[in-house]
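What's counted below: heavy atoms across the whole structure, side chains too, no hydrogens, waters or symmetry copies. Residue numbers begin at 1 in each chain, while the letters A, B, ... track the order of the sequences.
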Amino acid sequence: MPTIKTKTSLTEGVGLLRNYLQILLQEAINKINQDGEISLPSLPTIRIERSRSSEHGDFASPVALGLARVCGRNPRQLAQRLVSCLPPSEKVESAVVAGAGFINFFMTARAFQGEIPEILAQGNRYGCATIGEGRPVQIEFVSANPTGPLHIGHGRGAAYGASVAALLEAIGYAVHREYYVNDAGRQMDILATSVWLRYLELCGEEIPFPSAGYRGDYIWDIAASLRREESNAYRASREEVMGSGTSDNDDQEAHIDALVGTAKALLGKDRYQIVMNRALAMLLNDIRDDLGHFGVHFDHWYHERRLVENSAVDLAVRSLDEAGYVYEQDGARWFRSTAFGDEKDRVLVRENGQTTYFASDVAYHLGKLERGFQKLIDVWGADHHGYVARLKAALQALGKDPSSLAILLVQFVSLFRGKERLPMSTRSGEFITLRQLRKEVGRDAARFFFIMRKHDQHLDFDLELAKSQSADNPVYYIQYAYARICSVLRQLGEKGYLWDRRQGEQNLHRLCEPHELTLLKSLSRYPEVVESAAVEHAPHQVAFFLRELANDFHAYYNAHTFLVEEDSMRNARLALIIATRQVVRNGLDLLGVSAPDTM
RNA sequence: GCGCCCGUAGCUCAAUUGGAUAGAGCAUCGGCCUUCGAAGCCGAGGGUUGCAGGUUCGAGUCCUGCCGGGCGCGCCA
C-alpha cells in the first residue's frame, strides 16, 4: 500500500486548528490505508468545517462520506474506524461519529486558549497567511472615465477592489493595484469640446450647449481655470462655431462630432491638446484626491494613450490577425470572437481607421500578462458584463489562458434616505458623487456599507442608517467594541494597575466561562475567515465576522467584570480582550475602516 | 426576442461552494443600568428558500422548464 505523504507533521508549528485536525485525519486515513483495509491511490481532500451547531462540536469533517463512496463501505462504520485510529491529542476532547457519517470534534478549552499568545505575538500580522507565496497579482479597479467626478457606483467598486486587494495581500500575494485611464477615445474629444464651449460662454459668446456634451458643473470650473490662465486666447465667435450646419435637434451624436471637428480646426492641434490635457489633469487630480480621502490608493495609473503611442494597440491587432482571427468587412476589421463563444464578432479597427476601445483593452490585458502577472483581476460595473466574453476570447486567441483573468462584476447601488429612493440620473450630471456621500456619512460608514453585500448583489444604501450613531449601524457597533476595550485599558491605568502580559498568558486556563470560550472560539476563526474571504473575493465575510465578534465581546462585557482584584484573573482577562482588540483592528483594517480609541 | 446576474423571515441580507434542525441585523413584543461606556446585553414570535420537475446517501446551492426583477445586446466607452 502506498504511504501517503502529509504536508506538515504534528510536531511542527500549531497553525490553524483546522489544519491541525486535517493532519490528525490524514494520519488515521494513512493508517487504515497502509493496513490494507482500504485502498487509496492518493490522499483525498480532507475538509474540516466549523460546526454550525454546538451540539455537533467545534469542528466537523464529512470526509468519511466521500471516502465511503469510493471504497464502497458504510459511511458511519468507516467514520467510526477513522475515529479509533486518530492519534491522541491534548487539543481534542473527543471525536464522535454523528448523522450520516460526520466526524465531530469537540476541542479542549486549552486548544482555544492557545490562540491568545499567537494573536499577541503576531499583532498586525495575525490572520495573514502565505498561500499566495509571493506570486504577483494585478488588480484593476475603479478605472472610471476621466470625464467627471466619481459617483456612488464607482465608490462601491473602489471599496470592493481595495478590500479584495488588501485580502489578497494578507494571504501572501504580491498585489499590484492599477487604475486604467481611458484618455484616448472619443469621450476625451467630447470632454475637451464641452470645456471649450463653456469657456466661450464665459468669454461672452452665446452658444447653445449640445445635449451630448458633458453638462456637469465641474466643466464650468475647468473652463474658468482655462480662462484665468489663457484669457481670451482660445476665443472664437458664435458664427465660427455654429458654421458646421449640424443641429442638436437632428442627430445629437453627429452634432457633437461636428463640434469636435470645429474645435480642432479653429484651435489647431496644439491648443486643442492643451484644452484636453488641462481637463484631463484636473479631473484626474480630483479623482485621485477623492479616492485618497476614501482610503483607496493605486500603485499605478495606466494611461490608454500610452498603448496607442507605443503601438501596443496596433501590435495586438496584428497578433490577432497572425493568429488567424481577423477579417475585413464593410471597411472595418473584425475579431472573430464567435470562435470562442462570444455572441457576435467585434470591431477592432473602424471604417475611419481608428481602433476601438476594445482593441486598446486587448492590448492592455495582453500587456498585463507580459509584465509577468500570473493572476489578473478586473473589477467592473455589472453593466459591462456583455464585455467579458469578448475580452476572454481575445486572450484565448492570443494563446493565453482565459482563466488567468477573473472579472468580478459589481452590481448597482440604489441610494435611499430612509424609505425614500433617491433618483440617480447620469444624464444632465445630476447624480450623487462619491465625495458628497463621503462628506455626508463619513469614510468609515461608506467603506463598510459598500462591502457589506456580496459583489453580485444589488446594494440598497440607506444614508440615514449609515449616518445613525446607534446599534442599528453595524459600523458603530463594531467600532464601539474596539473603543470600549480601549476605555477599559484607560480605567486600568486610573486604578493604578498595569497589564502583566506574562502573568496573563500563564493564566489563560482561568478563561473558562461560557462567554470567554465563545469569544475565544470566535477569535480563532479569524484566520480562516481571512483566507476564505480572500480566495472567494468576498470581503463581506469579514464584515459579518466582525459583527459576530463584536457581539461576543459585548456579551462578555455585560456578563463579567474584567478589572477584578485578583491579579492572575485580571491579567488573563485583559489578555483576552487585548487580543480581541487586535483582531477587530486587523479586520477593520482590511476593510479600510478606522478603529477609534474613543467615540 | 437572445445572453448574463438575481429571487431566502414583514424589510435588508448571510449560509463554510453539495452537508446535519436554513441563520443574523432591522422592525414588533417582553426583560436587564447606583457597577470597566446602555452607542450595550438577554429572551420571544416570525420560513413550502419564486413555482414545477430532475440528479443522489443528502439540494437554498447542480440540471431542465416556467414566473417575476435588474443589466446588457454600437464601427460608444
Within-4.5 Å side-chain heavy-atom neighbours: A:Tyr482 and A:Asp597: yes

Side chain to side chain, A:Phe562 and A:Arg570, heavy atoms closer than 4.5 Å: no

Could you tell me whether the phosphate oxygens of [N], OP1 or OP2, come under 4.0 Å of any side-chain nitrogen or oxygen in [X]?
X        : N      : answer
A:Arg186 : B:rC75 : no
A:Tyr477 : B:rC41 : yes
A:Asn551 : B:rC41 : yes
A:Gln457 : B:rG7  : yes
A:Arg573 : B:rC36 : no
A:Arg350 : B:rA77 : yes
A:His540 : B:rU12 : no
A:Gln491 : B:rG37 : yes
A:Lys454 : B:rA15 : yes

In whole Å, measure the gap between the [atom1] atoms of [N] and [M] for me.
N      : M      : atom1 : answer
B:rG18 : B:rG37 : P     : 47 Å
B:rG7  : B:rC13 : P     : 10 Å
B:rU61 : B:rC5  : C1'   : 16 Å
B:rA9  : B:rG50 : P     : 8 Å
B:rC2  : B:rC66 : P     : 9 Å

Any residue meeting ring pair (Phe, Tyr, Trp, His ring centres under 6.0 Å) with A:His458, in chain and number order, not counting sequence neighbours: none

A:His554 and A:Tyr480 aromatic centres sub-6.0 Å: yes

Does a distance-only test, which skips hydrogens and angles, find a donor-acceptor pair under 3.5 Å between the side chain of [X] and the base of [N]?
X        : N      : value
A:His554 : B:rC41 : no
A:His384 : B:rG72 : no
A:Asn104 : B:rA20 : yes
A:Arg52  : B:rU16 : yes

G-U wobble or Watson-Crick pairing nucleotide for [N] (cut-off 3.5 Å, both distances):
N      : value
B:rA20 : none
B:rG40 : B:rC32
B:rC66 : B:rG50

Donor-acceptor contact present, side-chain A:Arg447 to main-chain A:Ser594, <3.5 Å: no

Stacking check A:Phe102 vs B:rA20 (5.5 Å / 30 deg): yes

Per-pair stack call A:His56 and B:rA20, 5.5 Å, 30°: yes

A:Glu304 CD to A:Thr355 OG1 distance, which is reported to the nearest 0.5 Å: 7.5 Å

Sugar-phosphate only, base, or nothing, as touched by A:Phe412 at under 4.0 Å among non-hydrogen atoms: sugar-phosphate

Protein-nucleotide distance (A:Leu391, atom CG; B:rC4, atom P), rounded to Å: 18 Å

